[in-house]
Each structure stands twice: as structure tokens, then as C-alpha cells.
Amino acid sequence: MDLKQLQTFLTASKTLSFTQTAQQLGYAQSSITAQIKSLEEELATVLFERLGKRITLTEEGSRLQQYAQKMLELDTEMKRVLSSEQAHAVLTIGAQESQCVYRLPSILQLFQQCHPQVKIIFKPVHTTEIAKDLLQSGNLDVAFITDTFKETPMLHRERLTQEQLVFVSAPSAILQQGPLSVQQCSNETLLLTENGCSYRNQLEMHLQQEGVYPAQMIEFASIEAIKQCVMAGLGLTFLPRMVVAKELANERLKEVPSTLKLAAIYTDIAWHKDKHIPPYLADFIDIAIDRYQEF
């Protein structure tokens with residue numbers, strides 16, 4: 001028994017005509033007859049008396065009429081409730097501050113034009129390990145992972161871009177001649193993002209391997225605070241080019257060439273490989289991939 005058969009039965013019980021039922025439901029009359037016959041066989045009872053070209057409900061048909069009406073109403077209510085839940089869907093996204101501030105706004109603008117009803121929540125994700133844990137626990141729907149490449153068998157990942165990381169200083173800063181070397185970092189004050197940030201981790205690991213420790217390392221929770229302090233001449237910083245592009249263009253910061261050999265940093269979009277992808281999440285992923293191709 002399926003809902004299509006019940007709808008056919010209920011319509012026929014009201015019209016008392018297989019011909020009119022076929023016209024109303026858009027089926028061939030033979031299909032209406034076959035559906036009613038199949039329903040009668042499944043229920044092992046006669047639902048209509050066939051009196052020539054006329055039909056009438058049997059007593060069993062009258063009883064089924066009440067249940068069929070309730071079942072179709074329940075189906076309608078179920079679809080309405082589920083549709084209402086989708087209208088209040090929540091999309092939880094993980095990303096580093098640099099992605100949230102400099103790349104995601106245009107992605108979110110396009111997404112909300114398509115899905116204005118979806119509520120969006122951001123959670124900080126600094127490394128592959130953090131993203132993996134949050135995606136596997138279901139606390140994130142999707143994550144933008146900015147890190148060196150690491151195997152993540154439980155995640156589906158799409159490569160978005162390779163990040164360009166640069167040292168920058170105030171235009172007036174006086175540095176030693178030539179590209180910045182590992183050894184020269186020992187004489188500099190470095191202004192860095194919070195502990196745990198993937199590109200900070202790469203820089204610190206490289207310096208430690210070379211036995212080099214900067215004169216001072218100052219930690220900030222905000223990239224904008226780092227840029228303001230660097231412009232004020234407090235020291236050097238190491239950031240993705242995208243976050244300092246504007247300041248480099250208007251010469252409020254200057255790039256400091258470097259000979260440091262650091263592992264490549266990539267940004268991927270990732271989700272759990274077993275996650276159900278509702279239409280709004282599929283749209284978000286597609287929009288993100290398309291926009292990153294333009295960045």
C-alpha cells in the first residue's frame with residue numbers, strides 16, 4: 001500500500017466514478033482500476049461494488065475512507081513540519097580568522113541570496129586537527145582548513161588555493177641588507193597570531209629547528225591589531241598575502257623578502273565523508289569553490 005493508492009481510493013470514494021477520478025488525478029482510467037484492484041488484493045477485501053458503470057462504497061470501503069483521509073493528512077503535516085525545519089536550518093562553518101574576514105563575506109552574500117532562511121554560525125578552526133575533530137563530532141557542517149597538507153581519511157576535501165605567506169614591516173623600518181634569513185630573525189621582534197595558528201606553527205617550528213629564537217615574540221588575537229602595530233613600527237609579522245594586500249598596495253606596509261624555506265600552506269574546504277549533504281549545504285560548497293577560483 002502506498003500513498004498514491006490511498007489518494008486514488010479517496011478520490012474515487014468521493015466521485016464514485018473511475019472516469020472522473022482518472023480525469024482529476026491525470027491518470028488513465030485503466031491505471032485507476034489497477035490501483036484499486038491492487039489495494040483490494042492487499043487488504044483482502046472489496047472496497048467498491050461494481051454495478052454496471054456505477055460504483056458504490058462497500059462497508060469496508062467506508063471504513064477505509066476514514067483511515068485514508070487521516071493518513072493523507074498526516075503525510076501533509078509531516079511534509080509541512082519538515083519543510084518548516086528546513087526553513088530554520090543552521091549551517092555551522094569552521095574557518096581561520098583570515099578566511100572569515102577576507103574571503104568568506106562575498107561567499108556568504110551569494111549564499112544568502114539563495115538561502116536567506118539558513119542561520120549561519122562560525123567557529124574558529126586553526127589547524128587540520130581541530131577541523132577533523134569538530135567535523136567528526138558533528139559540531140561543524142563544513143570547514144575551511146588552512147594548513148600544510150595532512151592525510152584525513154574520514155574527511156572529504158576539495159583544494160581551494162595555495163596560500164602565499166609573506167613577511168611585512170612598516171615602510172620606515174630599517175632592516176639588515178638582503179633577504180631576511182633565519183639567523184636575522186633572532187634580531188627581530190615578531191608579531192604573531194594566536195598560538196595554534198597553522199602558519200605561525202610552521203614559522204616557529206622552522207626557527208626552532210634552526211636553533212633561532214627572535215628577540216621578542218608578541219602574540220595578538222586579532223590580525224587587524226597585528227597590522228596596526230606593524231605599521232607603527234613595533235616589528236615584523238608573517239601573514240597570508242591576502243590579509244595585507246591592501247596595505248601593501250597603498251604602501252602602509254612593505255614586503256620583506258625572505259630566504260626561509262617553509263612548508264606550503266593550502267586552504268581546503270572539507271566535510272565528513274559520511275555526512276548527509278542537504279541542498280543548502282551543497283549550494284554553499286559549490287559557491288565557495290567557484291568564488292575561490294576567482295580570488
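In this text, all values refer to a predicted model and were calculated from it rather than measured experimentally.
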Is there a side chain to side chain contact (heavy atoms under 4.5 Å, CB included) between Glu97 and Ser222? Walk through the geometry before answering.
CA-CA 8 Å; Glu97 179 194 1; Ser222 163; 4.2 Å; yes

Side chain proximity check, [X] to [Y], heavy atoms < 4.5 angstrom:
X	Y	answer
Thr189	Ile218	yes
Leu260	Leu203	yes
Asn201	Thr127	yes
Val166	Phe238	no
Cys185	Leu180	yes
Pro240	Gln164	no
Thr161	Arg103	yes
Ile55	Ser17	no

Which heavy-atom pair separates [X] from [Y] by the least distance, and what is that distance?
X	Y	answer
Thr148	Ala263	CG2-CB, 3.7 Å
Val244	Val168	CG2-CG1, 4.1 Å
Ala95	Cys100	CB-SG, 3.8 Å
Val256	Ser169	CG2-OG, 3.6 Å
Phe220	Ile226	CB-CG1, 3.4 Å
His126	Cys197	CB-CA, 4.0 Å

Does [X] share a hydrophobic cluster with [Y], counting links as ILVMFWY side-chain heavy atoms below 4.5 Å and allowing steps through other members?
X	Y	answer
Leu160	Phe149	no
Leu10	Leu3	yes
Met205	Tyr213	no
Ile121	Val118	no
Val243	Leu262	yes

Residues, nucleotides or ligands: over 12 heavy atoms within 6.0 Å of [X] [atom1]:
X	atom1	value
Met71	CE	no
Phe295	CZ	yes
Glu151	CD	no

Salt-bridge contact [X]-[Y] (side-chain N to carboxylate O under 4.0 Å):
X	Y	value
Glu251	Lys246	no
Glu224	Lys227	yes
Lys150	Glu129	yes

Could you measure the distance from the [atom1] atom of [X] to the [atom2] atom of [Y]? Nearest 0.5 Å is fine.
X	Y	atom1	atom2	result
Thr11	Tyr27	OG1	OH	9.0 Å
Leu74	Tyr67	CG	OH	14.0 Å
Ile93	Leu91	CD1	CG	4.0 Å
Lys119	Gln112	NZ	CD	12.5 Å
Asp274	His156	CG	NE2	12.5 Å
Glu40	Leu47	CD	CG	4.5 Å

The criterion is ring pair (Phe, Tyr, Trp, His ring centres under 6.0 Å); which residues satisfy it with Phe18, sequence neighbours excluded?
Phe48

Checking [X] side chain against [Y] main chain: does a donor-acceptor pair fall under 3.5 Å?
X	Y	result
Thr237	Leu191	yes
Ser38	Ala34	no
Arg157	Asp268	no
Glu219	Glu194	no
His115	Gln117	no
Thr58	Val46	yes
Ser198	Thr146	yes
Glu210	Leu207	no

Here's one to test your reading of the geometry: is the NZ or CZ of Arg159 within 45 degrees of the ring axis of Tyr266 and under 6.0 Å from its centre?
yes

Relative to each other, are the rings of Phe284 and Phe144 parallel, tilted or perpendicular (30° and 60° limits)?
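Taking Phe144 first and then Phe284, their aromatic rings stand perpendicular (interplane angle over 60°).
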
Do Arg241 and Glu255 pass the salt bridge (charged side-chain N to carboxylate O under 4.0 Å, His left out) test, and can you show the C-alpha distance, the side-chain angles, and the key distance before you say yes or no?
CA-CA 9 Å; Arg241 182 181 293 277; Glu255 182 175 349; 3.0 Å; yes

Is a side-chain donor-acceptor pair under 3.5 Å present for [Y] with [X]?
X	Y	answer
Glu163	Thr267	yes
Glu188	Gln184	no
Gln208	His206	no
Gln35	Thr8	yes
Thr128	Asp147	yes
Gln99	Tyr292	yes
Thr21	Thr15	yes

Stepwise salt bridge (charged side-chain N to carboxylate O under 4.0 Å, His left out) check, Glu294 with Arg291
CA-CA 5 Å; Glu294 299 173 13; Arg291 284 294 292 135; 2.4 Å; yes

Might you work through the side chain to side chain contact (heavy atoms under 4.5 Å, CB included) test for Tyr199 and Thr193, ending with a clear yes or no?
CA-CA 9 Å; Tyr199 41 88; Thr193 49; 4.0 Å; yes

Side-chain hydrophobic cluster, 4.5 Å single linkage: members besides Met154
none

Side-chain hydrophobic cluster, 4.5 Å single linkage: members besides Leu155
Val125, Ile130, Leu134, Leu135, Leu140, Ile145

Let's go through Glu42 and Asp2 carefully: what are the C-alpha distance in whole Å and the side-chain angles of both, what is the deciding distance for side chain to side chain contact (heavy atoms under 4.5 Å, CB included) to 0.1 Å, and is it a yes or a no?
CA-CA 11 Å; Glu42 184 173 350; Asp2 60 33; over 6 Å; no

Start with the C-alpha distance between Val142 and Leu281, add both sets of side-chain angles, then the distance that settles side chain to side chain contact (heavy atoms under 4.5 Å, CB included), and finish with yes or no.
CA-CA 8 Å; Val142 66; Leu281 178 52; 4.2 Å; yes

